[in-house]
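First comes the structure, then the notes that go with it.
What you are looking at is a predicted structure, and each value in this text was computed from that prediction instead of being measured.
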Amino acid sequence: MNKVMSNKLHIALYTLPAFLLITVLIFIPLVLTGYYGLMDWDGIGAMKFIGLENYINGIKDLKFWSSAYHSFLLAIFSTLSLALYLLVSLILASKIKGSDLLRKIYLIPMLLSSVAIAQLWIKVYNPSNGMLNEILVKIGIANPPAWLAEPSIVLFAIFIPILWQYAGFYILIYYAALKNIPESMIEAAKIDGASAFQIALKIKLPLIKEVVSVTVILAIVGSLKYFDLIYVMTGGGPNGASEVMASYMYKLAFASYDFGYGSAIGFLLLIITIIVTVIVRKLSTSKDPIEY
Amino acid sequence: MRRIGYFILYVCLGVVALFQILPLIWLFIFSLKSNKEIFAGSPFALPSEFRWENYLKVWEGGIGTYFFNSVWITGLAIVLTVLFASMAAFALTRMKWKLSGFVLGLFMVGLMIPIHSALIPLFSMFLSVNLIDNPFSIVITYTSYNLPITMMILLGFYYTLPREIEEAAIIDGASIHRLFFRIILPMTTPVMSTTVVINMIYNWNEFVFVNTFISSERYKTLTVGIQNFIGQYMTDWGAIGATLIISVLPIIIAFIFFSNKVVEGISASAVKG
């Protein structure tokens, strides 16, 4: 038995395909990103070693910091929207009939590609006959803005489809966590005379604290990596008002052919993502894990 | 009093449901309208006649190629991902070796990587081995990047398999391959189907890899293809609507049939983000 289950050749045979793919296509490229960042390189010609110049330029680059600022704004919006999702889940989990169907309806946008979502919302926001402005005009707002063309509004306008896309995902997670709370604890609180509001605030929320902190990490890290929807909806415009870190990196490399500088920005994106993940995880991990 | 309370709660949930579904209903309605109806009529009015010819027009306009590419690339990548992930999960959970903990940790680190940070080196690697504008590059990239999450979903199930099965099979003289392919793999069907559905959603919707590595129209998948396509039909909203509906339909259908698997997979993949 042990001989068969610890045969080195067989272990290698079963592990290597996955191991090689992950090493070659995920880990080696990450190391190379850091390395290319040290080069002056257009992606095709010869590489020229220039030391830390790209990284120093990146740190001084106002466009990079404005894109990072937009990424952080999205992260803040996304984190705040978790409260809304949590509220919906609390309602949904309070023995409501049809909650199964509702959860599935909420989840549908999450299944669609960001490109389709972007194209759909470009139409929703269309100033002349998009759904949003038609509704606004009907309820008496005469001159609704051109949502995606106003630098001061565009980021909020982009955030609505993000809110829309991920609602079902977070509601699903919160709902599962709330349903895991033993019924007896809720019953006991009810007998003690607690109101529904008190039960939610004092019992349910503390009990799903861990899940909430995981979703905070997801929302923040997900926002820092955000790309597809913005790239298709606005291309970072108007005038850079919706540029985020990933779209800035993408443009540097695949529109300006500045692969060295693009790599440096890509590496900074990686480092910022890792640092933020570690910080949020440290802040949100409770010292005393909850046991029912 | 209690009734009124529940009524208010239902109204809240209904508003959220409307917000989630309304843009899609609007999309479907305008995909069946003529431009005249779209630009002059009320946005939520039903079309005077259902113009299915919008769908025929975009399908004949070439969207079929993108659709077919999406199907085979998604399918092949799913097969490779689930096979390789199952093999690795088997070796990591059922076989005995010293480095298994380390290798498992490595796979799980793969969950946290922002793909954009790896994009430039991937591009130059594929360029140097002539895989740019070759759909094979997409298949292996999808396979690699979905391996960590697929393994994570599989692992829990593999840990719970009873040891007695392996013992019995080996005492009966089964080889390790027979044990894996004939006994273990069929036992994991429920969790495998969850990973298949999750991989399908990821691969079908993927954008940035195809947009970066593929330039020929004949190799593009739907997500990237519909971009150019919509460009052609700049002002023909009916055609644009039909294109978008065609691109999301397979996923919606899969969701209708396998919604429990989708829900399971999405909950399990919460860590991926």
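B:N205 places a side-chain N or O within 3.5 Å of a backbone atom of A:L111 that can act as its donor or acceptor partner. A distance-only check finds no donor-acceptor pair linking the side chain of A:S6 to the backbone of B:W97 [under 3.5 Å]. Put simply, the side chain of B:Y10 never gets that close to the backbone of A:I96: no donor and acceptor are under 3.5 Å apart. Listed for the B:T223 side chain is no donor-acceptor partner under 3.5 Å among the backbone atoms of A:V115.
In this structure, chain B has a heavy atom under 4.5 Å from the side chain of A:Y36, while its backbone stays farther away. For B:L80, no part sits under 4.5 Å from any heavy atom of chain A, backbone or side chain. At a 4.5 Å heavy-atom cutoff, the contact between A:V124 and chain B is made by backbone and side-chain atoms alike. Contacts of B:L179 with chain A are made by side-chain atoms alone, with heavy-atom separations under 4.5 Å and no backbone atom involved. For a residue to count as touching a neighbouring chain, one of its non-hydrogen atoms must lie under 4.5 Å from one of that chain's; by this rule A:N126 touches chain B with the side chain only. Of the two parts of A:T273, only the side chain, counted from C-beta on, holds a non-hydrogen atom closer than 4.5 Å to a non-hydrogen atom of chain B. When heavy atoms are compared at a cutoff of 4.5 Å, B:I252 approaches chain A solely by way of its side chain, counted from C-beta outward. B:I140 touches chain A through backbone and side chain together, each having a heavy atom under 4.5 Å away. When heavy atoms are compared at a cutoff of 4.5 Å, B:T212 approaches chain A by way of both its backbone and its side chain. Residue contact with chain A, scored on non-hydrogen atoms closer than 4.5 Å, involves the backbone and the side chain of B:F207 alike. If you measure heavy-atom distances from A:Y166 to chain B, you find no contacts under 4.5 Å at all. B:V224 does not touch chain A: none of its heavy atoms, backbone or side chain, sits under 4.5 Å away. Neither the backbone nor the side chain of B:W204 comes within less than 4.5 Å of any heavy atom in chain A. Proximity to chain B is limited to the side chain of A:Y250, based on heavy atoms less than 4.5 angstrom apart. Neither the backbone nor the side chain of A:K8 comes within less than 4.5 Å of any heavy atom in chain B. Of the atoms belonging to A:V24, heavy atoms from both backbone and side chain fall under 4.5 Å from chain B. Residue A:S94 touches chain B through both its backbone and its side chain, counting heavy-atom pairs closer than 4.5 Å. Looking at B:L83, there are no atoms closer than 4.5 Å to chain A (heavy atoms on both sides), in backbone or side chain. Contacts of B:I226 with chain A are made by side-chain atoms alone, with heavy-atom separations under 4.5 Å and no backbone atom involved. Using a 4.5 Å cut-off between heavy atoms, A:A176 does not touch chain B at all. Looking at B:I176, the atoms closer than 4.5 Å to chain A (heavy atoms on both sides) sit in the backbone and in the side chain alike. Using a 4.5 Å cut-off between heavy atoms, A:I11 contacts chain B through both its backbone and its side chain. Heavy atoms of B:I113 lying under 4.5 Å from chain A belong to its backbone as well as its side chain. Only the side chain of A:F254 comes within less than 4.5 Å of a heavy atom in chain B; its backbone stays farther off. Contacts of B:A85 with chain A are absent, with no heavy-atom separation under 4.5 Å from either backbone or side chain. With a threshold of 4.5 angstrom between heavy atoms, A:I274 does not approach chain B through any atom at all.
Counting heavy atoms from C-beta on, the side chains of B:F126 and A:L25 come closer than 4.5 Å. Here the side chains of B:N260 and A:K104 are in contact, with some heavy-atom distance below 4.5 Å. Side chains of A:Y231 and B:V208 form no contact here, defined as non-hydrogen atoms less than 4.5 Å apart. Side-chain contact between B:T243 and A:Q119 is absent, with no heavy atoms from C-beta onward closer than 4.5 Å. The shortest distance between side-chain heavy atoms of B:S117 and A:L30 falls below 4.5 Å. The closest side-chain heavy-atom distance from B:L27 to A:K123 is not below 4.5 Å.
Pairing each heavy atom of B:S124 with each of A:W41, the nearest pair is CB-CH2, 3.6 Å. Of all the heavy atoms in B:P121 and A:L32, the pair that sits closest is CB-CB, 3.7 Å.
Taken from CD1 in A:I44 to CG in B:L127, the straight-line distance is 7.5 Å, to the nearest 0.5 Å. Distance check, rounded to the nearest 0.5 Å: CD1 of A:I135 to CG of B:L22 gives 6.0 Å. Between atom CZ of residue B:F84 and atom CD1 of residue A:I22 there is a gap of 11.5 Å, rounded to the nearest 0.5 Å. Annotation: the span from B:Q20 atom CD to A:R103 atom CZ amounts to 14.0 Å, rounded to 0.5 Å. The structure places OG of B:S247 at 10.0 Å from CG of A:L120, a figure rounded to the nearest 0.5 Å. In this structure, CG on B:L119 lies 5.0 Å from CE on A:M249, to the nearest 0.5 angstrom.
Of the listed residues (B:F19, B:F255, B:F107, B:W237), the greatest number of heavy-atom pairs within a distance under 4.5 Å of chain A belongs to B:W237. Comparing A:G34, A:P17, A:S113 by how many heavy-atom pairs each has under 4.5 Å with chain B, the most go to A:S113. Chain A forms more heavy-atom pairs under 4.5 Å with one residue of B:P23, B:S259, B:S100, B:A88 than with any other, namely B:P23. Interface check for chain B: of the options A:L163, A:I105, A:V88, A:I91, the most heavy-atom pairs under 4.5 Å are formed by A:I91. In terms of heavy-atom pairs under 4.5 Å with chain B, the best-connected choice from A:G43, A:A18, A:S128 is A:A18. Highest contact tally toward chain B, considering only A:P109, A:A12, A:A253, is held by A:P109 [criterion: heavy-atom pairs under 4.5 Å]. Counting heavy-atom pairs closer than 4.5 Å to chain A, the top residue among B:E206, B:M151, B:H177 is B:H177. Among A:M110, A:K97, A:M245, the residue making the largest number of heavy-atom pairs under 4.5 Å with chain B is A:K97. With chain A as the partner, the residue from B:L92, B:L147, B:I201 showing the most heavy-atom pairs under 4.5 Å is B:L147. When B:L106, B:V103, B:T141 are compared by the number of non-hydrogen pairs under 4.5 Å with chain A, B:L106 comes out ahead. Contact tally against chain B (heavy-atom pairs below 4.5 Å) for A:V232, A:I26, A:T33: the top residue is A:I26. Contact count versus chain A (heavy atoms, under 4.5 Å) is highest, among B:P114, B:S175, B:C12, for B:P114.
Residues satisfying the side-chain hydrogen bond (donor to acceptor under 3.5 Å, both in side chains) criterion with B:S137, sequence neighbours excluded, are absent altogether. Applying the side chain to side chain contact (heavy atoms under 4.5 Å, CB included) rule to A:Y257 yields the partners A:F259; only residues at least two apart in sequence or on another chain are considered.
At a cut-off of 3.5 Å, with distance as the only test, no side-chain donor of B:H116 or A:Y226 sits close to an acceptor on the other residue.
A tilted orientation is assigned to the rings of A:Y14 and B:F181, their planes being inclined by 30° to 60°.
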